[in-house]
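First comes the structure, then the notes that go with it.
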Amino acid sequence: MKLYDTLNREKKEFKPIYGKRVNIFVCGPTVYDYSHIGHARTYIFFDTFSEYLRYKGYEVFYLQNITDVDDKIIKKANDLGVDPFEISKKYYNEYIQDMLKLRVNGVNLYAPATFYINEIIDQVKRLLEKGYAYVTNDGVYFDISKFPEYGKLSHQSLDSIKAGARVDINENKKNPADFALWKKRKEGEPFWPSPWGDGRPGWHIEDTAITEFHFGPQYDVHGGGSDLIFPHHECEIAQMESVSGKKPMVNYWLHTGLLTVRQERMGKSMGNVINIREILKEVRPELLRFFLLSSHYRSPVDYSPESLDLAKQSWEKIVISHSKLKSLNAKESEPVFVAEINRFRKEFENAMDDDMNTPLAISVIQSFIAFVNKNMEKFSNLDKESALTFLEDIDRIMKILPRNDSSVEKFIEILLDTRKLTKEKKLFEISDYIRLKLRENGIAVEDTSEGQIWYRI
RNA sequence: GGGUAGGUGGCAGAGUGGUGAUGCGCGAGACUGCAGAUCUCGUUUAUUGGGGUUCGAUUCCCCACCUACCCUCCA
């Protein structure tokens with residue numbers, strides 16, 4: 001398997017540090033508002049990535065931080081006149097709810113920054129001892145002049161970073177590009193005691209403290225949105241590689257392209273933020289996943305209701321075929337298609353192995369679906385089993401097939417039996433009514449030579 | 001201004017130094033109580049523009065134009 005590493009700007013053969021064990025860290029959200037479809041894009045990708053590695057037999061530990069103390073949270077809390085922790089707690093919860101609805105469950109551990117204050121203080125202490133940081137009136141800062149490689153991830157020279165730096169209002173800093181490791185307490189802000197007085201962590205330090213605690217100074221994969229490359233990930237490298245003296249901090253930096261809405265950046269100031277919970281009122285999570293995985297993770301995705309609608313046609317085809325396959329009465333005979341099915345599986349794996357080329361993988365799935373539709377009636381029970389297993393393996397990785405809720409399945413079956421009876425008596429008005437009503441509730445019914453089939457859309 | 005990733009048919013979206021997937025859409029037919037699905041056949045001179053390298057480039061190089069993101073926690 002090959003993965004594109006942002007640091008080296010090339011696809012590299014994937015080799016974990018510890019055999020089959022893979023340590024993945026992904027930057028989580030700052031929990032000060034509902035999560036939007038841009039978050040969905042990134043986290044659905046990394047969910048799929050971790051599940052694919054598991055499918056390939058790796059033992060994955062996927063760790064994700066939650067920034068639960070931050071300027072934006074504090075500002076919102078102050079505006080509303082509530083405790084900042086009320087804000088972070090609420091939106092942390094909402095975030096988890098959204099992720100569960102999106103079937104993002106590949107994450108092994110969510111790590112809120114405030115659970116790691118001791119580790120953060122300890123790391124800052126070591127940076128100071130080693131001379132990579134200095135204390136000022138308002139906090140502790142990392143001294144980037146001590147880390148000449150600063151800029152290597154975003155491929156910018158230190159000079160160009162300095163030249164591009166905006167006017168710095170903080171005259172305490174030695175260099176405008178120095179960044180805060182610890183911020184001293186201000187009125188109305190949450191704080192923890194530290195050797196430098198009461199205060200709170202800087203933004204970048206939580207990630208390296210958390211990863212050092214769980215993974216040590218070096219690990220396999222670090223992911224996040226490409227907007228985090230600079231300065232966030234750059235600062236993480238400076239902190240971790242300085243404190244440990246070991247390079248590289250991670251072997252594979254993976255960054256997702258950002259999502260745009262009608263070719264425009266999605267943002268509060270644009271007024272075009274689409275929350276995950278809003279969009280899930282309109283579409284099934286599995287369709288959203290299919291749509292987002294139809295673009296390569298490093299490319300930007302452009303969202304519009306129209307493009308989602310187009311994706312729906314392709315997506316339904318897969319759902320329908322899966323449903324037909326499940327209800328197929330296959331013959332007890334020698335399997336004849338197993339080799340061909342395995343060829344599709346191999347092609348799917350090849351696509352995924354090539355830097356998680358999910359759009360190509362999806363095209364393989366589509367070809368496979370055409371193959372199934374064409375040959376299904378000739379399937380033996382072993383052919384059927386083999387095809388179903390393949391689709392279900394895909395679904396474990398991508399989670400693009402709607403899940404059935406067994407509690408209502410029984411009632412759907414009863415309605416379909418009723419419909420069958422009315423059809424036999426040619427009471428088509430009634431049978432069509434049942435079909436229509438089910439459809440209105442997201443259950444599509446079709447009459448096939450095998451009888452009725454149904455699926456969720 | 002600096003950095004990064006891109007610009008492929010009506011749409012989405014791969015790949016490749018030697019006339020370019022896959023799917024949607026569209027047209028016709030088969031099937032069908034209807035619907036839907038599926039199958040068969042068909043469908044567009046598609047690779048931003050201009051140079052260069054090459055026997056040959058969509059693929060490599062240069063320039064231009066265009067798009068998105070980042071340039072310090074203020075987006």
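Lettering of chains follows the sequences in order, A, B, ..., and the numbering in each one begins at 1.
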Choosing from B:G13, B:C73, B:G3, which nucleotide comes nearest the side chain of A:H155? B:G3
Under 3.5 Å, is there a donor-acceptor pair between the [X] and [Y] side chains?
X      : Y      : answer
A:D354 : A:N357 : no
A:H232 : A:D207 : yes
A:T208 : A:E236 : no
A:S35  : A:E94  : no
A:W454 : A:E413 : yes

Rounded distance (Å) that lies between atom [atom2] of [N] and atom [atom1] of [X]:
X      : N     : atom1 : atom2 : value
A:N8   : B:A5  : CG    : P     : 13 Å
A:L308 : B:C11 : CG    : P     : 18 Å
A:I74  : B:C73 : CD1   : P     : 15 Å
A:K312 : B:C11 : NZ    : C1'   : 18 Å
A:Y150 : B:U72 : OH    : C1'   : 6 Å
A:L310 : B:C11 : CG    : P     : 11 Å
A:H233 : B:U72 : NE2   : C1'   : 14 Å
A:I365 : B:C24 : CD1   : P     : 14 Å

For [N] and [M], measure between their [atom1] atoms and round to the nearest Å.
N     : M     : atom1 : answer
B:U48 : B:U67 : P     : 16 Å
B:C24 : B:A37 : C1'   : 16 Å
B:A46 : B:U19 : C1'   : 13 Å
B:G25 : B:C11 : C1'   : 7 Å
B:U16 : B:U58 : C1'   : 9 Å
B:A21 : B:U44 : P     : 13 Å
B:A5  : B:U45 : C1'   : 31 Å
B:U8  : B:C60 : P     : 15 Å

Polar-atom pairs under 3.5 Å, protein N or O versus N or O of nucleotides 15-17 of chain B: list them with distances, or write none.
{"from": "B:G15", "atom 1": "OP1", "to": "A:N357", "atom 2": "ND2", "distance (Å)": "3.2"}

Scoring nucleotides 29-39 of chain B by protein non-hydrogen atoms under 4.0 Å (B base, S sugar-phosphate only, - none) yields ----BBBBSSS
Can you tell me how far the NZ atom of A:K125 sits from the CD1 atom of A:I121, to the nearest 0.5 Å? 7.5 Å
What's the separation between atom OG in A:S363 and atom CD in A:E347, rounded to the nearest 0.5 Å?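 Between A:S363 OG and A:E347 CD, I get 8.0 Å after rounding to 0.5 Å.
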By the side-chain hydrogen bond (donor to acceptor under 3.5 Å, both in side chains) test, which pairs, at least two apart or in different chains, include something from residues 437-448 of chain A?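 Qualifying pairs: A:R419-A:D447, A:K423-A:D447, A:K437-A:E440, A:E446-A:Y455.
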Have a look at [X] and say if it touches a base, only the backbone sugar-phosphate, or nothing, with a 4.0 Å heavy-atom cut-off.
X      : result
A:K183 : base
A:S367 : sugar-phosphate
A:H204 : nothing
A:T30  : nothing
A:A444 : nothing
A:P300 : nothing

Do [X]'s NZ or CZ and the ring of [Y] fall within the cation-pi criteria of under 6.0 Å and 45°?
X      : Y      : result
A:K331 : A:F379 : no
A:K174 : A:Y134 : yes
A:R185 : A:F191 : yes
A:R298 : A:Y4   : yes
A:K72  : A:Y32  : yes

Pick the nucleotide of RNA chain B nearest each of A:Q263 and A:S294; which residue has the one closer to the 5' end?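 Its nucleotide being nearer the 5' end, the pick is A:S294.
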Taking Watson-Crick (N1-N3 plus N6-O4 or O6-N4) and G-U wobble (N1-O2, O6-N3), each under 3.5 Å, can you produce the dot-bracket string of RNA chain B? Use [ ] for crossing pairs and | for inter-strand ones. (((((((..(((.....[...)))((((((.......))))))....(((((..]....))))))))))))....
Using a strict 4.0 Å threshold on nitrogen-to-oxygen distance, state whether A:K2 and A:D355 make a salt bridge.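 So A:K2 does not pair with A:D355 through a salt bridge.
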Tell me whether A:K399 is salt-bridged to A:D47, with the criterion being a basic N under 4.0 Å from an acidic carboxylate O.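 Looking at A:D47 together with A:K399, the answer is yes, because their closest N to O distance falls below 4.0 Å.
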Can I get a per-line list of side-chain donor-acceptor pairs under 3.5 Å for residues 428-436 of chain A, giving both atom names and the distance, sequence neighbours left out?
{"from": "A:S431", "atom 1": "OG", "to": "A:F428", "atom 2": "O", "distance (Å)": "3.1"}
{"from": "A:D432", "atom 1": "OD1", "to": "A:R435", "atom 2": "NH2", "distance (Å)": "3.4"}

Is the phosphate of B:A21, meaning OP1 or OP2, less than 4.0 Å from a side-chain N or O of A:S363?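 No, outside the criterion.
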Scan residues 249-262 of chain A against RNA chain B and write down, sorted by residue number, each residue with any heavy atom closer than 4.0 Å; if none is found, say none.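 The answer is A:L258, A:T260.
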